[in-house]
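One structure below.
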Number of protein chains: 2
Amino acid sequence: MGIQEIAQATGLSKATVSRALRGLPTVARPTIDQVRRVADELGYVPSSAAAGLATGRQRAVGVVVPVIDRWFTAKALGGVDAELQAAGHDLVLYNLGGPGGDRHRAFRRTMLRQRVDALVLLSLVLDETERRELQVSELPTVVIGGPARDLRNIGVDDHEVAALAVTHLVELGHRDVAYVGGQDEAGFSVAVPYRRRDGFTEAMARAGASVRPTWYADGRFSFAGGVAAGTALLDVAARERPTAVVCASDEMALGVVVAAHRLGLDVPRDVSVTGVDGHEYGEVLGLTTVAQDPEAQGRVAARTVVLEAQGASPGPLPPSAARLVVRRTTARPSR
Amino acid sequence: MGIQEIAQATGLSKATVSRALRGLPTVARPTIDQVRRVADELGYVPSSAAAGLATGRQRAVGVVVPVIDRWFTAKALGGVDAELQAAGHDLVLYNLGGPGGDRHRAFRRTMLRQRVDALVLLSLVLDETERRELQVSELPTVVIGGPARDLRNIGVDDHEVAALAVTHLVELGHRDVAYVGGQDEAGFSVAVPYRRRDGFTEAMARAGASVRPTWYADGRFSFAGGVAAGTALLDVAARERPTAVVCASDEMALGVVVAAHRLGLDVPRDVSVTGVDGHEYGEVLGLTTVAQDPEAQGRVAARTVVLEAQGASPGPLPPSAARLVVRRTTARPSR
DNA sequence: TTGAAAGCGCTAACAC
DNA sequence: GTGTTAGCGCTTTCAA
């Protein structure tokens with residue numbers, strides 16, 4: 001059952017068994033082999049609780065997500081998981097969304113119960129209380145996607161992301177460009193949408209093109225929201241219609257494309273559409289987008305916090321790349 | 001720092017503090033309040049490792065998923081999480097997919113390290129080794145989606161799911177119906193696709209309609225796969241073309257719809273399409289589908305294993321409902 | 001290279 | 001209602 005039984009079976013001491021199981025170099029090779037064999041025969045299962053109690057390290061990291069069923073969340077989670085697996089750590093998932101959605105609960109220090117050695121936060125916006133709890137916990141923390149004051153952050157440059165799309169469209173000759181962004185209904189960082197919108201506005205200004213106030217639409221970062229926003233933007237007289245729509249996510253962009261089709265408009269002839277992310281659906285449907293790699297971001301975040309939890313102090317995080325992927329939803333404007 | 005400090009600060013014993021913190025009824029009300037207040041002031045954080053060691057229960061359940069970025073996975077995970085939150089348990093995520101994807105690793109008893117009190121398995125097919133490890137671990141286990149021998153299972157009746165779609169189409173007058181199913185590339189249960197396909201075949205037979213062997217296509221349970229399968233099925237002379245396509249998932253069905261459009265076919269005039277799931281995209285796009293509720297399945301699974309871990313023996317699991325949702329991708333055949 | 005012994009922070013009898 | 005006393009199963013000095 002425990003290390004004790006193995007000690008008895010082998011005639012060794014608990015201490016040596018413990019060392020052998022962990023493969024410490026101070027143990028004779030044959031001893032290690034013997035211990036491991038016996039452990040296997042006995043069906044030994046180490047107790048993470050006991051090890052955790054003794055060492056103070058749980059070999060687990062917590063991942064806090066605002067919602068679970070979003071493309072970005074799932075991809076980033078995959079990256080974090082891959083890295084944690086490699087490091088031999090477990091992943092404890094804290095989902096703030098969901099019914100009841102008691103956000104604060106997740107951050108109360110009693111909730112963490114010292115179950116994890118570090119934290120990865122997914123594109124969350126933290127309030128004062130949450131920030132304080134994190135501070136107190138003293139857990140190594142990295143935020144993915146969306147800058148958070150006082151916390152290490154990894155993600156694409158959201159200003160640049162929007163600017164890349166605008167530059168592409170302007171080069172094609174577009175001047176009348178609309179924007180679909182908006183707040184995610186469920187707790188995504190406020191920062192991301194705002195920064196992308198600002199990046200859009202500034203890039204447009206740089207190009208000497210003005211944006212009508214009515215050409216900023218709210219797509220709620222969802223497909224359905226994109227359809228609604230697209231319809232609002234495009235269901236107007238041709239001369240009132242933008243020739244291109246920049247969307248802050250692929251899902252919204254796909255919604256805008258659908259809206260265009262429903263209105264009998266051709267994409268990209270009547271209207272160009274761009275997204276952000278690199279969603280698989282967009283690839284199949286030929287959506288021009290500014291692609292990012294949330295999985296890579298997740299991996300970097302996980303690696304960083306694990307190292308930190310082990311006492312290392314990893315240097316500054318590398319910026320995440322975003323690159324324009326031109327496909328079939330953008331073209332020169334027809335007027 | 002620990003319970004000890006609180007004991008000192010209050011002049012109580014460790015035992016009483018422990019009881020007060022847990023709100024046991026044997027403690028005087030004022031004592032409870034005092035202890036909690038002091039704990040708060042001291043910034044006390046309970047140690048799950050210590051509690052786990054002492055009680056043998058970790059207040060955590062493991063969720064094993066084959067892949068993380070699938071609609072079903074994310075939804076079910078959300079349901080499991082909601083229930084675990086309510087029960088005050090943590091969720092430890094084990095992802096079998098991902099790079100390296102060392103499936104076995106996840107099941108080796110050493111991996112579980114006694115970190116969880118129970119397991120929820122998401123639509124996995126287990127091999128002999130894995131099954132044995134589970135048996136040995138003696139952890140309460142429930143499998144969601146896809147029957148697994150010797151394990152409690154929750155999910156829709158996959159036979160019925162396909163039959164519902166067929167019945168609907170046959171009632172509309174369809175006789176020439178194709179099927180898009182296939183294996184998920186990444187470890188989904190083999191059982192689900194097979195059972196749905198069999199349900200389809202049997203329902204067709206019951207209706208007195210035969211299915212051409214070439215009308216079974218592999219959509220790999222993905223959107224891109226659906227496009228490919230749809231193209232293969234529909235890019236033929238009109239008389240060789242099925243008048244309807246039953247798909248084993250909404251994502252594949254959406255792919256088939258896209259394929260049809262690309263071939264200049266109108267849905268549902270030229271071809272009817274049905275899916276399975278209840279994906280949000282399908283709702284927006286008017287996809288007729290057999291909807292299921294993975295979130296509810298997740299909740300039931302979580303509740304069941306938690307109860308079992310607490311010593312209760314919950315009765316048999318209620319079957320999960322699947323219901324036909326008729327929208328705009330199905331109609332009478334035009335020939 | 002191995003052993004003995006002292007905890008890690010909490011819970012659970014068992015007394016009082 | 002509260003206190004005392006053993007552990008839970010491991011790791012880690014310190015010796016040998």
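The chains referred to below are lettered A, B, ... by the order of the sequence lines, with proteins before strands, and numbering in each begins at 1.
- Under 3.5 Å, the side chain of B:R19 and the base of D:dG3 form at least one donor-acceptor pair of N or O atoms.
- In this structure, A:Q58 atom CD and D:dC10 atom P are separated by 15 Å, rounded to whole Å.
- Between the NZ atom of B:K14 and the C1' atom of C:dA12 there is a distance of 12 Å, rounded to whole Å.
- Between B:R22 and C:dA12 there is a side-chain polar atom (N or O) within less than 4.0 angstrom of OP1 or OP2.
- The distance between atom CZ of B:R115 and atom C1' of D:dC10, rounded to the nearest whole Å, is 14 Å.
- When the options A:D90, A:V92, A:L77, A:V80 are evaluated for a side chain to side chain contact (heavy atoms under 4.5 Å, CB included) with B:L93, the one that passes is A:L77.
- Looking only at atom types and distance, the side chain of A:D293 has no donor-acceptor partner in the side chain of A:Q297 under 3.5 Å away.
- Summarising the geometry, atom CD belonging to B:E5 is positioned 6.0 Å from atom CD belonging to B:Q8; distances are rounded to the nearest 0.5 Å.
- In the set C:dT11, C:dC8, D:dT2, the nucleotide with an atom closest to the side chain of B:T26 is D:dT2.
- Taking side-chain N and O atoms only, A:T55 has no distance below 4.0 Å to OP1 or OP2 of D:dT11.
- The B:Y44 side chain lies nearest to C:dC10 when the options are C:dG3, C:dC10, D:dT11.
- Residue A:T31 places at least one side-chain N or O closer than 4.0 Å to OP1 or OP2 of C:dT2.
- Considering only side-chain N and O atoms, B:R57 lies nowhere under 4.0 angstrom from the phosphate OP1 or OP2 of C:dA12.
- Among the nucleotides D:dC10, C:dA5, D:dG1, the one closest to the side chain of A:A15 is C:dA5.
- The phosphate of D:dG3 (OP1 or OP2) has a side-chain N or O of B:S13 nearer than 4.0 angstrom.
- Listed for the B:D69 side chain is no donor-acceptor partner under 3.5 Å among the backbone atoms of A:A74.
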